[in-house]
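Structure first, then comments.
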Amino acid sequence: QVQLVESGGGKVQPGGSLRLSCSTSTPITDLYGMGWYRVAAGNQRKLVAEVTRREISDYFSDRYGDSVADRVSISLDERRRVVTLQLNRLKADDTAVYYCNLDARVYVTGRRRDYWGQGTQVTVSS
């Protein structure tokens, strides 16, 4: 069973900042990426930011959602399997459930697939 442990979230003031972390202790054979997506009420899941690599490459690169690209930063500790998201200048539109994503080949199955955390609510409101 792959478990992703998410932390952070809650209620934040408009203009404030948000920091979310996600980690896994699941034995991983190959790590391809970790990141954060979000689902706002009535909307589809959308990328916030992720750190990923192509299967043929050893190098990771960042990818950002269009609506947050100028306000977001993300970092991945490959060895500890921890991804941390920082989102600044928060707006009401950032209110959503944020989900951690892991793209990996795990030891127990030997297969590459996406795994998702349980989600953490972020509410931007005064």
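Since the model is a prediction, treat every value here as computed from it, not as a measurement.
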- Inspect the contact between Arg113 and Asp103 and indicate whether a charged nitrogen and a carboxylate oxygen are less than 4.0 angstrom apart.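 Here Asp103 does not pair with Arg113 in a salt bridge, since their nearest N and O are not under 4.0 Å apart.
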- State, to 0.1 Å, how close Trp36 and Leu20 come at their nearest heavy-atom pair, and which atoms those are.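 Trp36 and Leu20 have their closest heavy atoms at CZ2-CB, 3.6 Å.
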- Heavy-atom check, side chain of Glu6 versus side chain of Ser21, under 4.5 Å: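 Answer no - side chains too far apart.
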- Item | Student check: side-chain heavy atoms of Cys100 and Val83 closer than 4.5 Å |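 Yes, side chains in contact.
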[X]-[Y] side chain donor-acceptor pair, cut-off 3.5 Å:
{"X": "Tyr99", "Y": "Asn101", "value": "no"}
{"X": "Arg80", "Y": "Ser25", "value": "no"}
{"X": "Ser125", "Y": "Thr123", "value": "no"}

- Over-ring placement of Arg112 relative to Tyr32, 6.0 Å and 45° cut-offs: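 The answer is yes; both the distance and angle limits are met.
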- Kindly state each residue pair satisfying salt bridge (Lys or Arg N to Asp or Glu O under 4.0 Å) with at least one member in residues 14-32, sequence neighbours excluded.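 Found Asp30-Arg105.
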- Message: Can you confirm whether Gln121 is buried at CD, in the sense that more than 12 heavy atoms of other residues, nucleotides or ligands lie under 6.0 Å from that atom?
- Response: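 Buried by this count: over 12 neighbours within 6.0 Å.
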- Please indicate whether Asp66 has more than 12 foreign heavy atoms, meaning atoms of other residues, nucleotides or ligands, lying under 6.0 Å from its CG.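 It does not: Asp66 CG has 12 such atoms or fewer within range.
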- Task: Determine, using the 4.5 Å side-chain heavy-atom cutoff (strictly less than), whether Tyr107 and Leu102 are members of one ILVMFWY cluster.
- Result: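 No, Tyr107 does not connect to Leu102 through the hydrophobic network.
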